[in-house]
Amino acid sequence: MTTGLDDLQNAIERAGFAYRGAFHPQTADGVPPLANGQPCQTVILVGMVGSEQWSSFRCSAEAEDGLPDPLDRWGHRQLTRLAKAFNAEALEPSKGPPWWPFQRWAQRAEAVYPSPLGLLIHPVYGLWHSYRGALALATRLDLAPRHDDPSPCISCIGQPCLRTCPVQAYTADGFAADVCIGGLKSAAGLACLGQGCAARCACPVGRSHAQAPEQASFHVRAFLHNQDL
Ligand code: B12
Ligand code: SF4
Ligand code: SF4
């Protein structure tokens, strides 16, 4: 029996991830060869969209063990298991530096676009999505043709994402992480710590997929914790 994309998609969902698209890599994509030297023929991205996969993580041993980086460790365990089952290699966004260019790969895999915040925006999920890994395969799977909706940022009136940060961490030069961190450590950042990044929450796209406060707060706190190490 040959493994097809449908089998992989089902297994990805059973593992608690969302299927985030696929592509046939070209040299410019910077996808590494497989460990045995063979070129990678198909890259499958997996991740999270909205709040849909959060409960899979919340029910995991990693979420309860009190050790650092629970989401990364849960993602690593699930991705490694998937890779083994499908004779693929696992590539992870948090392994670096150097980092695998996940945002570049994401744009090759499906219709997502750079937003003014640096995060990629999805026409349906807005800013509420992320990546947990890539599966690199030696086989060339058949992929459906893409039907890309345009970037929502093109028609956005007023760009509220750029006007909402309480400490103006988004500048003409991009995201100033040190300014954000300073804000999160002061009274100005209390709402972000409790309910998620105010700039991200201000985007009108994909509001019905916005993370619940517990998930959004987890990400802001994890970001702050990692910057403090
Ligand atoms: C280093 C890093 C950061 C750094 C610097 C970001 C930067 N200026 O590049 C810091 C620590 C500041 C950061 C912050 C955040 N990050 Co970050 N980060 C990364 C990481 C690990 C590597 C990025 C990189 O350098 N790649 C190497 C280059 C060569 O790859 P590339 O794809 O070609 O490069 C793209 C990025 O550099 C991007 N970019 C440029 N400027 C900015 C600015 C910001 C804020 C971001 C997020 C991206 C970004 O544009 C490039 C072209 O597409 C990626 C994971 C990954 N492996 O890609 C996550 C990643 C980009 N981060 C992500 C997220 C969600 C965040 C946070 C929201 C925190 C969080 N975990 O929730 C915050 C944003 C701050 C906030 N207050 O909300 C997501 C983005 C998902 C999406 N929808 O696009 C990623 C993909 C991780 C993931 N698991 O999904 N991040
Ligand atoms: S608020 Fe507007 S410009 Fe900002 S990310 Fe959302 S759609 Fe794009
Ligand atoms: S988390 Fe809060 S302080 Fe940091 S960039 Fe987002 S809105 Fe600004």
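Note that ligands are numbered from 1 as they come in the structure, with each ligand's atoms numbered from 1 the same way. This one's a predicted model, so the numbers in the text were calculated from it and none came from an experiment.
Salt-bridge annotation for Arg146 and Glu110: absent, with no side-chain N of the basic residue lying under 4.0 Å from a carboxylate O of the acidic one.
Close to ligand 1: Leu117, with a non-hydrogen atom less than 4.0 angstrom away. Ligand 3 lies less than 4.0 angstrom from a heavy atom belonging to Phe175. For His122, the heavy-atom gap to ligand 1 stays at 4.0 angstrom or more. At a 4.0 Å cut-off, at least one heavy atom of Pro166 sits close enough to ligand 3 to count as contact. Every heavy atom of Glu92 sits 4.0 Å or more from the atoms of ligand 1. Residue contacts with ligand 1 leave out Tyr113, since none of its heavy atoms falls under 4.0 Å from the ligand. Close to ligand 3: Cys192, with a non-hydrogen atom less than 4.0 angstrom away.
Nearest non-hydrogen protein atom to atom 39 (N) of ligand 1 is Gln103 OE1, 3.6 Å. Among all protein heavy atoms, the one lying closest to atom 23 (C) of ligand 1 is Trp99 CD1, 4.3 Å. For atom 4 (Fe) of ligand 3, the closest non-hydrogen atom on the protein side is Cys180 SG, 2.4 Å. Atom 57 (N) of ligand 1 has Trp100 O, 2.8 Å as its closest protein atom, hydrogens excluded (heavy atom only).
Heavy atoms of Pro116 found under 4.0 angstrom from ligand 2 belong exclusively to the side chain. Residue Cys180 touches ligand 1 through its side chain alone, judged by heavy-atom distances below 4.0 Å.
Nearest residue to atom 5 (S) of ligand 2 from Ser115, Pro123, Pro204 is Ser115 (criterion: closest heavy atom).
Taking the six-membered ring wherever Trp is involved, the centroid distance between the rings of Phe17 and Phe57 does not fall below 6.0 Å.
Surrounding CG of Asp65 are more than 12 heavy atoms belonging to other residues, nucleotides or ligands, all under 6.0 Å away.
Taking the six-membered ring where tryptophan is involved, the planes of Tyr131 and Phe102 are tilted, since the angle between them lies from 30° to 60°.
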